[in-house]
Structures are given as structure tokens and as C-alpha cells.
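The residues of the chain are indexed from 1 along the displayed sequence. Keep in mind that the numbers below use all heavy atoms, side chains included, and drop hydrogens, waters and symmetry copies.
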Amino acid sequence: MRHCLAKIHLWLSGALSKLARVVSQISPAQARRIALAAQGFDRARPGGLAGSEPVAAPGAGTRTLASTVERLGILQLDSVNVFERSHYLPLFSRLGAYNKADLDRITFGRNSRYTEYWAHEAAIIPLRDRPLWHWKMDERRAKNENDPMDWIHSNREMLDWLRAELRDKGPLTAGKIEHDANKRRGGWWEWSDVKVGLERLFAWGELVSVGRTRFERTYGLAEQALPAELLNTTVSKVDALRVLLARGARAHGIGVAGDIGDYYRIKATPAKPILQELVDEGVLLPVTVPGWTSAGRPQPAYLHRDARIPRKIDTAALLSPFDPVVWDRGRALRMFDFHYRIEIYTPEPKRIFGYYTLPVIIGDSIVARIDLKSDRQNGVLRVQSAWNEKGTATGHEARIAQLLRDAAAWQGLGDIEVVNRGDLSHSVAAELGVHLRDRPPRELPLVTEPQ
């Protein structure tokens with residue numbers, strides 16, 4: 001029996017070695033298609049465009065939403081809602097129109113199978129994955145405890161009071177906690193001491209999010225909100241990182257070490273030996289991609305063994321600034337030759353492309369960027385600017401116009417207006433059959449709430 005197992009092991013090792021040699025080099029175009037397929041852009045959409053033509057469909061239901069979240073593994077949260085909050089957009093990009101209340105129900109509702117943690121930035125993750133983050137909770141607590149200047153050292157009474165308040169009253173938002181210290185100490189971004197304390201306890205894992213009210217997190221004691229077996233499950237840091245790195249590689253399909261680690265914000269030093277172990281086990285295959293360089297030298301890349309290499313990607317999508325396809329700006333530049341900076345914090349006179357520009361994917365390329373604003377009061381989707389990407393093919397106006405119609409319908413907006421800003425604005429307005437606005441409407445203030 002042992003002899004047979006040894007022969008099987010040798011055969012598998014040889015097969016994996018041959019496969020690695022066969023795919024030792026991936027072209028940049030193949031890499032783009034691999035990455036987009038891994039993110040679900042090779043599939044027909046139940047609620048929107050399946051390819052180059054509109055498809056009448058009922059839209060994605062909760063089962064499809066849940067399976068898509070599972071495939072992504074993570075939905076990054078962001079409070080800006082000038083067009084739409086970020087965590088809704090990856091599902092719209094991949095599935096087309098769906099009911100946002102359905103996503104709210106499965107992610108923030110009672111008996112949800114999801115929770116929140118700092119798994120990339122603030123993010124929605126499967127509840128069962130929480131033990132994979134216990135190491136990070138412990139490290140965050142240790143970092144705060146070991147910093148003599150940290151807020152906690154002069155506010156331990158506040159932390160104890162918050163624990164007791166939530167134990168006695170149950171889950172609460174920061175705004176519902178009655179305390180003299182629950183006032184901002186400065187501008188909008190200056191948290192109150194109550195909010196700082198809640199966030200420390202949340203980062204340490206003592207508190208969990210049990211839902212959201214107008215996007216404000218509702219905090220509850222983990223010991224009251226979660227089953228004991230979940231709280232008491234122990235996963236070593238090394239084992240957790242192994243799982244997370246393998247998932248990051250599968251979610252990206254292909255990437256350099258930094259790409260794979262960044263999916264779950266894992267630093268290079270602990271990631272490096274684990275990536276090598278995943279190579280040794282055949283989970284990852286070392287490859288090179290021409291043009292993927294660092295300091296003039298080729299960057300080693302990794303192909304996940306389950307990655308597909310489609311012959312063609314036929315998709316049309318608006319991406320959130322925090323979509324996994326583009327959230328790592330270095331990867332977006334390397335993969336799509338797309339230099340991307342969000343400009344919501346840039347003073348208006350210094351903005352190049354616009355306040356909240358969304359990348360536009362057609363096929364396997366990012367071909368444009370469009371600045372969108374949902375004017376919900378007037379029922380208008382405002383295209384504040386529209387720009388072609390230099391070096392990409394033109395002629396995508398019809399598909400972009402359909403994307404905008406889909407987005408307006410999904411947002412419940414009846415009209416679309418296009419501002420005369422950007423080299424794509426004229427042709428998009430013509431395709432939509434609307435007149436260009438000569439002057440953009442007054443900038444709306446940043447609409448945001450505490451995470």
C-alpha cells in the first residue's frame with residue numbers, strides 16, 4: 001500500500017511539473033482574461049448585459065447573490081454614496097440589476113451568514129471565516145497595548161463602560177450610546193471617544209457588527225452575538241494565512257506575490273514562505289508574464305491551478321473604485337495599463353477626471369472612465385465626465401450607453417444627463433439621445449457616514 005501511495009505521489013509530482021512547464025509563460029492578454037474570469041466576468045448575467053446585446057431577465061436572486069459573494073470571498077465597504085455605496089457595485093458589475101434589499105438581508109439581516117472585519121479594508125466576509133482572523137485581532141490588541149501613547153491607556157474606564165452598556169442594553173450604534181464623551185472632538189473625521197472605544201473593541205474581536213442602520217454599524221458583544229464554537233475555534237496564524245493566500249490566489253487567478261497577499265492585506269514577509277509551500281503542493285504554478293517587471297526585472301507570478309484561460313471575455317461593466325479588479329492600483333497598472341486614482345479627496349480645481357470616476361471594462365480591457373452621480377431627489381443619473389483611455393480602441397459608445405441605462409434603471413432614476421466634460425462625453429450623449437449640459441451642476445458635498 002505504501003509503495004502504491006509513493007508511486008501515486010511521484011506521478012502527481014511529475015504531472016504538476018509538466019503542467020508548470022507547459023504554462024510557464026502567460027501572455028499579458030491571457031493574464032487579463034484569467035483575472036477577469038476568476039472574478040466572474042466570463043459568465044452571463046441574470047439581470048443585465050450578457051455580452052454585446054441586452055438580455056431580458058428577471059435579475060439575480062438571493063441564491064445568486066450569495067454564491068457571487070462566496071466566489072469573491074469579500075466585499076469592501078466604503079461610506080461614499082455619491083453614485084452608490086461600493087459594496088453593492090461588484091455584484092451589479094457581475095450580475096446586472098438586482099434588488100439591493102436582498103443583499104442587505106443576506107449580509108446585514110438577522111441570522112446572516114456574513115459578518116464584518118478588517119479583512120482588506122472594512123469588509124463583509126463569510127461568518128464561518130471569522131476564526132481565520134483571530135490572529136489579526138490578537139495582533140491589533142497587542143499593538144495598542146504595547147504603544148504607551150495609544151488612546152486606550154487613558155480610557156480604560158470608557159472601554160469597561162462600553163462593555164457593560166452593550167451587555168445590559170444589547171446591540172447599539174455609536175449614535176445611540178448616551179454618554180458625555182459621545183461628541184466629535186473636531187471635524188467630520190474626528191471620532192468621539194465612544195466611537196474610538198467601540199472601534200478598538202471591534203478590532204480586537206470583542207465586538208461584532210450585528211447589522212447596519214443607514215449604513216452606521218451596530219455593535220454587539222461577540223459573546224452574545226456569535227455561537228461559542230465559532231468564538232472558541234482556534235486557527236494558528238500560519239494555517240490561517242495559508243487558507244487566505246490560497247483564496248486570494250484563486251480569486252485573482254493570476255498575480256505576483258504582492259497581488260495575492262493584498263487580497264487579504266497579508267504582508268510580504270509572512271506570505272513569501274507560504275506561497276512557496278503552495279507552489280510545492282501544486283496549488284500555485286510559477287509563471288512569467290512579459291512586461292510584468294519591477295525595477296527593470298521580471299516579476300515572478302503565480303497561476304492558481306484552478307484558473308481558467310478563456311479564449312475571449314465578452315463583458316461590459318462599470319467597476320467600483322474598490323472592486324478587486326482595480327483596488328490594487330499597481331496591479332491595475334500592470335494588468336490593464338490603467339493608472340487610477342480616486343479624486344474624491346482632491347480639491348475640485350485639481351481633479352483631472354472627476355469626483356467619483358468608475359472604470360469601464362469592455363471585453364478584457366479598461367477602455368474608459370466615467371464620473372457618475374445619482375441625483376435621487378430629481379431622478380437623474382448625472383454623467384459628470386466621460387473619458388476614453390489612451391491607447392484603447394474606440395467605438396464602444398453603444399455598450400457604454402447601455403451600461404448607463406442599466407445603471408439608471410437599477411438606481412430607480414428616470415433620466416440621464418451628460419456634462420460636456422471629457423473626450424467621450426459627446427459620443428455618449430449622442431448614443432443616449434440627450435443634449436450635453438454646458439456646465440456641470442454645483443458639486444454636491446461628500447456624502448458619508450462613519451464606518
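With rounding to the nearest 0.5 Å, the separation of OG1 in Thr107 from CD1 in Ile124 is 4.5 Å. Separation of atoms OG1 (Thr218) and CG (Leu207) is listed at 12.0 Å; rounding is to 0.5 Å. Taken from CG in Leu65 to CG in Asn99, the straight-line distance is 8.5 Å, to the nearest 0.5 Å. Once rounded to the nearest 0.5 Å, the distance linking CG of Leu404 with CD of Glu431 reads 10.5 Å. To the nearest 0.5 Å, the span separating CD1 on Ile260 from CZ on Arg331 amounts to 8.0 Å. Atom CD of residue Gln299 and atom OG1 of residue Thr293 lie 7.0 Å apart, to the nearest 0.5 angstrom.
In this structure the side chain of Phe322 never reaches within 4.5 angstrom of the side chain of Glu121, judged on heavy atoms. Here the side chains of Phe336 and Leu36 are in contact, with some heavy-atom distance below 4.5 Å. Here the side chains of Pro321 and Arg329 are in contact, with some heavy-atom distance below 4.5 Å. Side-chain contact between Pro90 and Leu72: present, with at least one pair of heavy atoms (C-beta onward) separated by less than 4.5 Å. Contact check for Arg311 versus Arg33: no side-chain heavy atoms found under the 4.5 Å cut-off. Within the 4.5 Å cutoff, no side-chain heavy atoms of Val367 are placed close to those of Ile361. Side-chain contact between Leu381 and Glu417: absent, with no pair of heavy atoms (C-beta onward) separated by less than 4.5 Å. Between Arg247 and Leu132, some side-chain heavy-atom pair lies under the 4.5 Å cut-off.
A salt bridge between Arg94 and Asp323 is present, with a side-chain N of the basic residue lying under 4.0 Å from a carboxylate O of the acidic one. Look at Arg200 and Glu206 and you find no salt bridge, because none of the NZ, NE, NH1 or NH2 atoms lies under 4.0 Å from a carboxylate O. Salt bridge absent: Arg382 and Asp415 never bring a charged side-chain N and a carboxylate O closer than 4.0 Å. By the 4.0 Å N-to-carboxylate-O rule, Glu70 lies close enough to Arg128 to be salt-bridged with it. Of the charged side-chain nitrogens involved, at least one lies within less than 4.0 Å of a carboxylate oxygen, so that Arg105 and Asp102 count as a salt-bridged pair. The pair Glu343-Arg351 does not count as a salt bridge, with every side-chain nitrogen at least 4.0 angstrom from each carboxylate oxygen.
Counting all heavy atoms, side chain and backbone alike, Val69 lies closest to Tyr114 at CG1-CE2, 3.5 Å. Shown here for Ala368 and Leu424, the closest heavy-atom pair between the two residues is CB-CD2, 3.7 Å. Across all their heavy atoms, Leu162 and Val194 have their closest contact at CD1-O, 3.9 Å. Smallest separation of non-hydrogen atoms from Ile366 and Pro359: CG2-CB, 4.1 Å. Across all non-hydrogen atoms, the minimal contact from Arg308 to Ala37 is NH1-CB, 4.1 Å. Across all their heavy atoms, Tyr264 and Gly248 have their closest contact at CE1-N, 4.0 Å.
Side-chain N/O atoms of Asp371 and Trp387 include no donor and acceptor closer than 3.5 Å. In summary, the side chains of Trp151 and Asp193 do present a donor paired with an acceptor at a separation below 3.5 Å, with no hydrogens or angles considered. Side-chain contact, Asp438 with Asn420: no donor N or O sits under 3.5 Å from an acceptor N or O. Side-chain polar atoms of Tyr219 and Glu199 form a donor-acceptor pair below 3.5 angstrom. Between the side chains of Arg421 and Gln384, no donor-acceptor pair of N or O atoms lies under 3.5 Å. Side-chain contact of Tyr88 with Asp104: a donor-acceptor pair under 3.5 Å is present, judged by distance alone. A side-chain donor-acceptor contact under 3.5 Å links Arg265 and His120.
Put simply, the side chain of Arg437 never gets that close to the backbone of Val418: no donor and acceptor are under 3.5 Å apart. Between the Asp150 side chain and the Asp147 main chain, no donor and acceptor come within less than 3.5 Å of each other. Judged by distance alone, the side chain of Thr64 and the main-chain N or O of Ala60 form no donor-acceptor pair under 3.5 Å. For the pair Glu216 (side chain) and Thr213 (backbone), a donor-acceptor distance under 3.5 Å is absent. Under the 3.5 Å distance criterion, the side-chain polar atoms of Trp410 are matched with a main-chain donor or acceptor of Tyr98. Of the possible donor and acceptor atoms, none in the side chain of Gln76 sits under 3.5 Å from a partner among the backbone N and O of Ser86. Distance alone, capped at 3.5 Å, is enough to place a donor-acceptor pair between the Ser93 side chain and the Leu318 backbone. Asp375 places a side-chain N or O within donor-acceptor distance of the main-chain N or O of Asn378, the cut-off being under 3.5 Å. No donor-acceptor pair under 3.5 Å is formed between the side chain of Arg140 and the backbone N or O of Lys136. A donor-acceptor pair under 3.5 Å is formed between the side chain of Ser385 and the backbone N or O of Phe353.
Judged by a 6.0 Å distance limit and a 45° cone about the ring axis, Arg130 is not positioned over the six-membered ring of Tyr117. Cation-pi geometry between Arg85 and Phe215 is satisfied (NZ or CZ under 6.0 Å from the ring centre, within 45° of the ring normal). Taking the ring axis of Trp292 as reference, the NZ or CZ atom of Arg334 stays within 45° of it and closer than 6.0 Å to the ring centre. Geometric assessment of Lys373 against the ring of Phe83 yields a negative cation-pi assignment under the 6.0 Å and 45° thresholds.
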Worksheet item: Taking it one step at a time, do Arg217 and Thr173 satisfy side-chain contact (heavy atoms from CB on, under 4.5 Å)?
Response: CA-CA 6 Å; Arg217 184 181 286 138; Thr173 64; over 6 Å; no
Practice prompt. Test side-chain contact (heavy atoms from CB on, under 4.5 Å) on Val279 and Leu284 and set out the steps.
Written response: CA-CA 5 Å; Val279 169; Leu284 301 181; 4.0 Å; yes
Fill in: Step-by-step side-chain contact (heavy atoms from CB on, under 4.5 Å) determination, Leu198 to Leu166
CA-CA 10 Å; Leu198 291 170; Leu166 293 172; 4.1 Å; yes
Discussion item. Applying side chain to side chain donor-acceptor pair (under 3.5 Å) to Trp204 and Asn144, what does each step give before you reach the verdict?
Written reply: CA-CA 10 Å; Trp204 299 349; Asn144 296 145; 2.8 Å; yes
Item to complete: Could you go through the side-chain contact (heavy atoms from CB on, under 4.5 Å) check for Ser320 and Leu358 one step at a time?
Response: CA-CA 6 Å; Ser320 160; Leu358 282 69; over 6 Å; no
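Residue Asn111 places its CG atom among 12 or fewer non-hydrogen atoms of other residues, nucleotides or ligands, all under 6.0 Å distant. Counting heavy atoms of neighbouring residues, nucleotides and ligands inside a 6.0 Å radius, atom CZ of Arg113 does not exceed 12 of them. Within 6.0 Å of CG on Asp337 lie no more than 12 heavy atoms contributed by other residues, nucleotides or ligands.
Aromatic rings from His252 and Tyr263 are positioned such that their centres are separated by under 6.0 Å.
Between Asp42 and the options Asp364, Thr315, Ile313, a side chain to side chain contact (heavy atoms under 4.5 Å, CB included) holds for only Ile313.
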